[in-house]
Amino acid sequence: MKLDWSVVWANSGALAQGTVLTVALAVATMALAVPGGILLALLRLSGSRALAGASAGFTELFRNLPLILVIYSAYYVMPIALGVSFSPFVTGLVALSLNVSAYNGETFRAGIASIRKGQGEAALALGMSRWQTMREVVLPQAVRRVLPVLASTWVSLFKDTSLVSVIAVGELAYTAMRIRSQSFRVLEMLTAMAAIYWLLGYPQAKLVDWLNRRYGISE
Amino acid sequence: MSGAEATPVLAYRDVRKLFGAFVALAGVSMEVRRREVICLIGPSGSGKSTLLRCTNGLEALDGGEIRLDGRVLPTDPSGMRAMRRRMGMVFQSFELFPHRTALANVMSGPLTVLRLPRRDAEARAMALLVKVGLEDKAASYPANLSGGQQQRVAIARALAMEPDVMLFDEPTSALDPETIGEVLSVMKRLAEEGMTMIVVTHEMTFARRVADRVVVFEHGAIIEEGPPAQIFDAPKVERTRDFLSHLGWRG
């Protein structure tokens with residue numbers, strides 16, 4: 001079997017564009033799913049049964065459905081249900097955000113629960129409100145404590161963005177697959193795709209390790 | 001004694017607290033006057049800490065009442081916040097905020113609760129760190145401080161709210177023996193400056209020297225109270241004597 005790598009170089013512009021879209025999708029998803037996860041965790045711990053139930057329902061729905069199903073559903077169902085149709089990129093972003101928010105919600109909930117009770121009591125004893133206690137004392141510690149979990153969620157998310165290729169979002173996987181089906185250079189394109197994902201993903205994992213060492217709290 | 005001094009800052013009347021079937025406080029009544037230092041002593045689980053935690057609303061009462069300057073403690077959120085501003089609390093396990101420096105810990109209350117401008121909060125916090133002898137540790141994180149240093153920062157943090165009453169919940173019980181003294185001497189100085197203090201403690205020497213009154217707890221009730229000379233030298237209640245002798249106290 002003869003490999004012809006020229007197909008990769010010939011399409012390097014398209015692959016670069018796909019890569020940019022992959023990064024943008026992952027960043028935008030996390031930018032929504034971190035506040036989303038914090039919100040879900042706060043609702044879950046709010047003490048209101050209705051809010052906690054809504055949060056739990058959301059979490060269990062999106063955590064237990066296959067992501068690809070959520071993506072297809074967002075693509076086919078959202079326009080009918082909401083009467084609006086978004087671009088494939090926004091549709092993919094919505095689906096990924098729903099999924100990752102559900103995971104982040106559980107992560108933040110565990111992080112908040114891991115902060116010992118005395119910390120909150122010390123803040124309350126100073127005269128802080130429950131919300132100030134959460135914002136000033138509990139959340140900053142909880143976020144630092146769950147950084148490693150958020151990091152592995154991020155690494156998963158970065159790869160899972162490839163699933164939105166099924167609704168024709170022109171990110172890296174979609175672009176590579178399109179070039180493959182036009183050129184029939186399967187092995188070359190799969191290798192190129194693997195190399196790009198890995199080369200992007202590995203330094204991110206290392207960066208997060210570093211962040212964790214730098215900003216983790218010692219007690 | 002002037003009329004104002006005669007009004008108790010804190011008045012407890014028949015205070016009751018249950019944890020399930022366990023009776024933590026079985027009807028406690030006592031008064032704390034301005035500038036008074038009260039030490040609560042007694043065996044573990046006798047209700048001393050619970051009484052402190054009820055005093056600033058960290059635990060809700062199951063009966064009786066506590067009055068601050070003659071007014072029943074509020075139970076609504078904003079009333080409780082206003083009440084807590086007037087009481088500083090120091091915990092056995094310090095509970096400094098580990099993500100903030102010593103200075104930022106002391107600034108927490110003034111910034112977030114009193115909403116002082118940052119510069120004023122910082123000046124106040126720095127002055128308090130000087131007061132507890134830790135100005136050179138202002139930029140240190142709690143993890144890099146000894147237990148005694150952490151507790152002194154915690155005292156400064158509580159004082160930053162300029163409270164009328166300081167509540168100390170076994171402030172030296174988690175400390176290494178060699179750092180207990182530095183915390184007690186800060187507390188002693190506060191007492192000499194006229195701070196109203198309620199101190200739950202097992203440090204009998206401190207209670208003997210600093211307290212105006214010592215209150216002995218057992219099974220959620222006060223079994224004896226009086227000036228240190230009475231409690232330590234001539235207790236009227238046999239069980240007070242038993243408790244003190246178990247601690248190795250020989251007067």
Side-chain angles (χ1 to χ4, degrees), chain A residues 34-35 37-38 41-43 45-49 51-52 107-151 208 210-219, chain B residues 49 52-53 55-59 76-101 104-115 140-145 150-151 153-154 156-163 165-169 174:
Chain A
V34 164
I38 291 175
L42 293 180
L43 292 177
L45 300 168
S46 64
S48 148
R49 270 177 103 164
L51 295 178
T107 302
F108 285 119
R109 186 161 72 100
I112 291 167
S114 79
I115 305 302
R116 67 172 184 271
K117 203 162 147 257
Q119 285 286 301
E121 291 181 346
L124 291 174
L126 284 173
M128 290 192 198
S129 65
R130 280 186 64 196
W131 165 239
Q132 287 171 330
T133 298
M134 185 56 75
R135 191 191 64 202
E136 299 286 323
V137 174
V138 178
L139 264 184
Q141 295 182 60
V143 170
R144 282 171 171 85
R145 197 168 280 182
V146 301
L147 260 185
V149 186
L150 289 179
V208 173
W210 177 82
L211 281 174
N212 197 30
R213 276 199 306 277
R214 175 76 178 71
Y215 294 106
I217 324 168
S218 44
E219 291 182 51
Chain B
S49 293
L52 274 200
R53 294 170 57 81
T55 305
N56 77 346
L58 290 178
E59 304 284 356
D76 62 296
S78 82
M80 274 173 53
R81 288 202 298 278
M83 171 264 283
R84 284 170 174 152
R85 287 185 201 181
R86 302 192 43 205
M87 302 186 203
M89 178 100 171
V90 175
F91 297 85
Q92 180 178 349
S93 46
F94 329 134
E95 302 299 351
L96 288 184
F97 306 137
H99 58 299
R100 292 184 171 171
T101 63
N105 262 279
V106 182
M107 289 166 67
S108 296
L111 274 184
T112 305
V113 180
L114 302 179
R115 304 203 178 281
S140 298
Y141 282 87
N144 299 323
L145 300 175
Q150 288 189 55
Q151 194 61 298
V153 174
R157 181 178 67 180
L159 290 173
M161 295 298 291
E162 299 184 337
V165 183
M166 284 287 284
L167 310 173
F168 292 87
D169 187 6

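A note on names: the letters A, B, ... follow the listed sequences, proteins ahead of strands, and every chain is numbered from 1. As the structure is a computational prediction, the values presented were derived from the model and not from experiment.
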> Using non-hydrogen atoms only, which part of Phe97(B) is less than 4.5 Å away from chain A: side chain, backbone, both, or neither?
Replying inline: both
>> Shorter than 4.5 Å, heavy atoms on both sides: which option in Met87(B), Met89(B), Glu95(B) has the most such pairs with chain A?
In response: Glu95(B)
>> Quick check: closest heavy atoms across Gln141(A) and Pro98(B), and the distance to 0.1 Å?
In response: OE1-CG, 3.1 Å
> Which heavy atom in Phe91(B) sits nearest to a heavy atom in Ala122(A), and how many Å separate them?
Replying inline: CE1-CA, 3.6 Å
> Looking at Gln132(A), Glu121(A), Arg135(A), which has the largest count of heavy-atom pairs under 4.5 Å with chain B?
Replying inline: Glu121(A)
> Taking all atoms of both residues into account, what is the closest heavy-atom pair of His99(B) and Pro140(A), and its distance?
Replying inline: CD2-CB, 3.5 Å
>> Ignoring hydrogens, what is the shortest heavy-atom contact between Ser108(B) and Leu126(A)? Give both atom names and the distance.
In response: CB-CD1, 4.2 Å
> Do you know which of Arg157(B), Met83(B), Arg86(B) has the most heavy-atom pairs under 4.5 Å to chain A?
Replying inline: Arg157(B)
> Contact part of Leu96(B) toward chain A, heavy-atom cut-off under 4.5 Å: side chain, backbone, both or neither?
Replying inline: backbone
> Quick one: what part of Arg130(A) sits under 4.5 Å from any heavy atom of chain B, side chain, backbone, both or neither?
Replying inline: neither
> Applying the side chain to side chain contact (heavy atoms under 4.5 Å, CB included) test to Glu136(A), which of Val113(B), Thr112(B), Leu111(B) qualifies?
Replying inline: Thr112(B)
>> At a heavy-atom distance under 4.5 Å, which candidate from Arg100(B), Arg85(B), Gln92(B) has the highest pair count against chain A?
In response: Arg100(B)
